[in-house]
Amino acid sequence: MQFGIFTVGDIAPDPTTGYTQSEAERISNIVRVAERADEVGLDVFAIGEHHNPPFVPSSPTTLLAHIAALTKQITLSTSITLITTNDPVKIAEDYAMLQHVAKGRLDLMVGRGNTVPVYPWFGRDIRQGVALALENYNLLHRLWREDVVDWEGMFRTPLQGFTSTPRPLDDVPPFVWHGSIRTPEIAEQAAFYGNGYFANHILAPNFHFKPLVEFYRDRFEHYGHGTRDQAIVGLGGQSFIARRSQDALKTFRPYFENYPVFRGSSLDDYLARTPLTVGSPQEVIDKVLTFQEGFGDYQRQLFALDGLALPVELALEQVELLGTEVVPVLRKEMAARRAPGVPDAPTHATLVAAKYGDAEPRQPRPNPNRGDNLSGTSPYQDSAPEFQARFPSAA
Amino acid sequence: MTTESLPVPASSDAGSAVRLLVISAGVSEPSSSRLLADRAAQKTVDLLADAGVAASVGVIELGPLAVDIAQGIVSGFPNERVQAAIDRLAAADAVIASTPVYKAGISGLFKSFADLLDNDLLIATPVILAATAGTARHAMVADEQLRPLFAFLRALPVPTSLFAAPEDWGSSELGRRIERAATELALLLRNGIGRSIAESAWSGYQHQFSGNATRAERSAADVDFDTDLMRLAAGGGIRTMGG
């Protein structure tokens with residue numbers, strides 16, 4: 001079971017002081033939060049791509065590459081990578097490069113994004129969002145698994161003889177989660193490929209996402225990747241922790257009540273109706289155990305806890321409490337309740353072992369530049385001869 | 001006009017009474033919107049009883065839910081009290097929707113409640129539309145505002161809408177209009193036409209997975225995999241997709 005944090009890198013005025021972090025401050029604070037998460041032994045740090053203020057993470061691979069260099073063990077991920085408005089070719093290249101520099105400590109979560117203007121800003125149509133997400137991932141999947149891709153679809157210019165570089169680390173693509181809060185087609189795609197399915201599990205009533213998780217589990221089994229209990233499920237959640245419950249409520253309430261998404265909402269309703277937990281470590285532990293009971297054994301639990309205008313000192317304290325007081329207990333308790341045969345979420349190491357066993361992983365070595373900046377019809381020295389590129393000769 | 005020869009709908013065969021549900025956005029006590037809806041409901045029950053069809057009437061008063069409805073709008077999901085009202089609405093066989101007119105339009109409270117409903121919650125559900133106002137100048141509000149709203153929801157409003165200004169409460173004309181609307185509703189219910197439309201044409205409407213509608217898809221067993229998007233999700237090509 002993996003535990004970690006996910007953030008969207010939002011900026012808002014601190015309601016208790018009126019202070020608004022600059023983008024520069026927020027970016028360096030995100031890095032500090034990620035470093036602390038690594039230090040306290042959390043498994044995952046995920047950042048959500050956005051392309052408008054007041055969010056800073058427009059370029060998740062740049063930020064995560066920097067964090068990779070500063071951390072030791074934590075797996076870096078996204079929450080989410082926009083599979084609709086990004087070119088899947090660029091996603092393939094950027095995340096493969098990130099996977100290399102992070103030495104395999106990388107997976108990613110693809111999703112549609114629901115900020116309407118982002119689609120037209122990137123030349124896309126939100127009404128085609130589901131089809132875009134599905135087609136783009138189908139292409140991304142091939143780009144990471146085939147040395148040479150010929151491809152034609154509805155949304156992107158066709159590809160002939162294209163090789164996405166660098167090839168994934170050890171020729172093992174990063175594990176992919178599909179994030180969705182309402183769309184069975186996305187859960188279906190996750191199930192079809194045997195990828196992970198993640199429900200953000202915030203801003204909605206308790207167990208609102210259960211039918212989609214169940215749907216994904218059924219379809220994962222249908223496609224022969226394992227039993228429904230072995231499907232790879234991730235959940236979000238939101239918490240604010242203090243040693244004493246009343247302190248947590250007192251500190252958190254102004255941040256909740258003044259945050260744009262929650263303005264006019266009742267914190268008590270949210271606490272009663274949604275996965276949000278504000279309280280002592282034990283209260284957070286108890287709440288998360290209800291997730292396991294309701295959704296079945298799952299593989300990844302991410303917490304949103306650095307947003308809502310919290311000053312970085314408070315956010316760091318949250319990471320500390322999560323890592324030292326909540327997660328160690330949850331690891332023990334959830335493992336004790338876990339049914340036998342339920343797998344952990346894949347990591348680079350387990351994927352390499354699954355692909356190669358004890359053999360050495362493939363290390364693609366390109367054929368030489370033939371004089372026109374291309375390496376000819378077969379991109380790598382060991383590329384399968386049946387997958388040769390066919391592109392016009394520059395000669 | 002005689003209605004005795006019409007068949008009794010399947011739901012009565014099963015022994016369950018037809019469920020009428022009044023939604024009233026009236027806020028005074030007593031409220032004329034509620035009174036108008038109650039009269040239409042009672043008349044419908046009587047007409048159904050004459051035809052041997054048992055009917056029950058439930059009421060959702062929106063006034064006591066006003067804060068909950070407003071919070072549902074800003075939080076994006078209904079709280080338990082609003083959810084309970086939505087569940088009752090989803091289970092209703094017919095609806096009598098009644099609102100006061102404020103500032104030449106339907107009550108914002110009524111519209112806010114409607115804004116929280118899934119688009120497919122009331123598909124082909126028979127509805128009586130009713131509005132009350134302080135002056136007859138607002139007589140068209142039910143037809144000009146409630147009717148498009150229920151058209152968007154693809155409900156089945158009866159041809160006669162109800163409207164009552166103060167003077168109507170002293171006129172037998174109002175009683176006759178109520179009887180006409182109730183007759184239309186009772187006939188729709190007895191024919192089971194709404195149910196037939198929903199049953200035969202359900203897949204042709206846009207739906208939300210795991211929504212509140214009684215027929216909403218809730219599991220893999222309910223989902224239609226024979227669609228362009230589902231084929232694309234399973235690695236298929238896109239040649240056949242429209243648009």
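All values below were derived from every heavy atom in this structure, side-chain atoms included, with hydrogens, water molecules and symmetry-related copies excluded. Below, read A as the first sequence line, B as the second, and so on, with proteins coming before strands; counting in each chain starts at 1. No experiment lies behind these values; they were computed from the predicted model shown.
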Heavy-atom contact with chain B under 4.5 Å, split by part of A:Arg127: neither

Given that the side chain runs from C-beta out, which part of A:Leu212 has a heavy atom under 4.5 Å from chain B: side chain, backbone, both or neither? both

Tell me, side chain or backbone of B:Gln83 under 4.5 Å from chain A's heavy atoms, or both, or neither? side chain

Would you call the rings of B:Phe225 and A:Phe215 parallel, tilted or perpendicular, taking 30° and 60° as the class edges? parallel

Check whether any side-chain heavy atom of B:Arg81 sits under 4.5 Å from a side-chain heavy atom of A:Asp269, and report yes or no. yes

With a 4.5 Å cut-off on side-chain heavy atoms, are A:Ser265 and B:Gln71 touching? no

Going by heavy atoms in the side chains, are A:Glu135 and B:Leu232 under 4.5 Å from each other? yes

If I measure from the heavy atoms of chain B, does A:Thr274 come under 4.5 Å with its side chain, its backbone, both, or neither? side chain

Heavy-atom distances under 4.5 Å only: say whether A:Tyr137 touches chain B with side chain, backbone, both or neither. neither

Tell me, yes or no, whether the heavy-atom count around A:Arg145 atom CZ, taken from other residues, nucleotides or ligands under 6.0 Å, exceeds 12. yes

Taking CZ in B:Phe152 as the centre, count heavy atoms belonging to other residues, nucleotides or ligands within less than 6.0 Å. Is the count above 12? no

Decide yes or no for B:Ser75 and A:Phe262: does some side-chain heavy atom of the first lie under 4.5 Å from some side-chain heavy atom of the second? no

Can you find a pair of side-chain heavy atoms, one from A:Pro184 and one from B:Met230, that are under 4.5 Å apart? yes

For A:Tyr223, which atoms come within 4.5 Å of any heavy atom of chain B: side chain, backbone, both, or neither? side chain

Within the side chain of B:Asn79, is there an N or O that forms a donor-acceptor pair under 3.5 Å with the backbone of A:Arg273? no

Of all heavy-atom pairs between A:Arg219 and B:Ala220, which one has the smallest distance, and what is that distance? CD-CB, 4.1 Å

How long is the straight-line distance from CD of B:Gln208 back to OG1 of A:Thr183, given to the nearest 0.5 Å? 9.5 Å

Name the region of A:Glu214, side chain, backbone, both or neither, that has any atom closer than 4.5 Å to a heavy atom of chain B. neither

Looking at A:Glu188 and B:Ala234, what are the two nearest heavy atoms and their distance? OE2-CB, 4.5 Å

Take a 6.0 Å sphere around CZ of A:Arg182 and say whether it holds more than 12 heavy atoms from other residues, nucleotides or ligands. no

Give a yes or no on whether B:Asp87 atom CG has more than 12 heavy-atom contacts from other residues, nucleotides or ligands under 6.0 Å away. yes

